[in-house]
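This report concerns only the one structure given below.
In the text below, chain A, chain B and the rest are named by the order of the sequence lines, each starting its count at 1.
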There are 2 protein chains.
Amino acid sequence: MARRKDHTREELTQLAIQCGRDIVVAEGPSALSARNVTKLMGYTPGTLYNLFENIDGLTAAINTTSLINFAETLRCILRDHAKPKKRLSKIAQAYLEFQLREPHLWTLLFATPIQHDSEDYRTAIHLVFDQVTEVLLPISKNNKVARQNAKILWSTLHGICLLRSSGKLDVSEADPSEELVKRFLNQYFKL
Amino acid sequence: MARRKDHTREELTQLAIQCGRDIVVAEGPSALSARNVTKLMGYTPGTLYNLFENIDGLTAAINTTSLINFAETLRCILRDHAKPKKRLSKIAQAYLEFQLREPHLWTLLFATPIQHDSEDYRTAIHLVFDQVTEVLLPISKNNKVARQNAKILWSTLHGICLLRSSGKLDVSEADPSEELVKRFLNQYFKL
DNA sequence: TATAATATTGAACAATGTTTATTTTTATGT
DNA sequence: ACATAAAAATAAACATTGTTCAATATTATA
């Protein structure tokens, strides 16, 4: 059996990403195996290696779509052109919500150590990051500082969500992540 | 072959931790397999499961010792009772240095998603965390805020190191992590 | 010395990523 | 229309994981 022409190569790639994503959403990153994905696709494991170099390639592709989706969410949120501090607060809230709404996708994207050196991935990262930088520009001294502030904001949100997801240090009980983020924004950005 | 009495059960556990640690240091977290560890110990895989519930138990034990070591490093650093802001800066520096000196141990400890619910681990976490909180107490409004500040500081250091290790966002090139940390401390703690 | 307790092994199982020869289907050229 | 080349998909195999467990070897005990 071969070239069933049900799908073009590109369609097949998208199918793999979609199925992989569904598996991660439903059962978590540990269920993302070549056999699971191709079975859901209606193909056999070998097929995956026609589409991606290895299983990490599929992971990278799933993560890239997560980033693209998140970038789109940000774009909608930042549409209103509210005051910088208000927009900043919305960005932070959106990040926290992403982790809450799709914890498994968040884990695959941010808490799974994988080398993502594809060009697509780097582009998607900047799709998100550049928006954050842009919001920070009006309240930063210059361009470089805005970029650094974006990295610091990103790192902090990241770290707080990691603490929350790992259950370490009683985040979510004693000090909810929302409160930590609020304190950080207030203190750091004088928000 | 059995009960060779070369080691007591406790010695055997320590041996496993030591060998596991050596493997991680030399070859990274991915090389930490039951067979690798027990081979280095001079035993067979089954033995590991007399000592730990599973391989994650060994990981947790290795991470616990990493935390204990880091806590000791902090203790030495904070011995001098310098000014709070100076001590804070030293804590941050120590964290960055830990990642630089032992990147694989750092990755196993902070960038590998594993459930650590042992009591020992929780204790070791607090061995580090309580020192951070203590340093922050004099420059925080009250006890609760000091604890929250500690979590925020921890999250930020964490996130910045993750960015550095993942190679994302050009941390280390355009904006070195040291500079990001410095900016964060200055801005957040008015240091 | 016989027996019980315990430590260790070795082999087995299922699941993983990955490779490759083979087969099946489609495209191409005459 | 047919033969042949190209491509796609498969099935089977391999090595490596974590993990379990009956069998075995050693020590302790009665």
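Remark: the B:Gln14 side chain and the B:Gln18 side chain contain no N/O donor-acceptor pair separated by less than 3.5 Å. Defined by atom type and a distance below 3.5 Å, a donor-acceptor pair is missing between the side-chain atoms of A:Thr133 and A:Arg147.
With B:Pro113 as the partner, the side-chain contact (heavy atoms from CB on, under 4.5 Å) test is satisfied by one option alone out of A:Pro113, A:Ser165, A:Ser166: A:Pro113.
Note on residues 32-72 of chain B: pairs passing ring-ring contact (aromatic ring centres under 6.0 Å, His included), not counting sequence neighbours, are B:Phe70-B:Phe98.
If you take CD1 of B:Ile55 and P of D:dG18, they are 5 Å apart, rounded to a whole angstrom. Atom pair B:Arg9:CZ and C:dA5:P shows a separation of 18 Å (rounding to whole Å applied). The distance from atom CD of A:Glu53 to atom P of C:dT18 is 9 Å, rounded to the nearest whole Å. When the P atom of D:dA11 is taken as reference, atom CG of A:Leu48 falls 16 Å away, rounded to whole Å. In this structure, the CD atom of A:Glu10 is 13 Å from the P atom of D:dA8, given to the nearest Å.
Here the side chain of B:Asn36 pairs no donor or acceptor atom with the backbone of B:Leu32 at under 3.5 angstrom.
Atom CD of B:Glu178 is surrounded by more than 12 heavy atoms from other residues, nucleotides or ligands within 6.0 Å.
The side chain of B:Tyr49 lies closest to D:dG18, out of D:dA9, D:dG18, C:dT8.
A heavy atom closer than 4.0 Å to some atom of DNA chain D occurs in B:Leu32, B:Ser33, B:Ala34, B:Arg35, these being the qualifying members of residues 31-44 of chain B. Less than 4.0 Å separates DNA chain C from no heavy atom of any residue of residues 13-24 of chain B.
Within 4.0 Å (heavy atoms only), B:Leu12 reaches sugar-phosphate atoms of the nucleic acid but no base atom. Using a 4.0 Å heavy-atom criterion, one finds that A:Asn54 contacts the sugar-phosphate atoms exclusively.
Between B:His126 and B:Phe129, the angle of the ring planes goes over 60°, which puts this pair in the perpendicular group of the 30/60° scheme.
Between A:Lys144 and B:Glu179 there is a salt bridge, with a side-chain nitrogen of the basic residue lying less than 4.0 Å from a carboxylate oxygen of the acidic one.
When every heavy atom of B:Ala92 is checked against every heavy atom of B:Leu185, the shortest pair comes out as CB-CD1, 3.9 Å.
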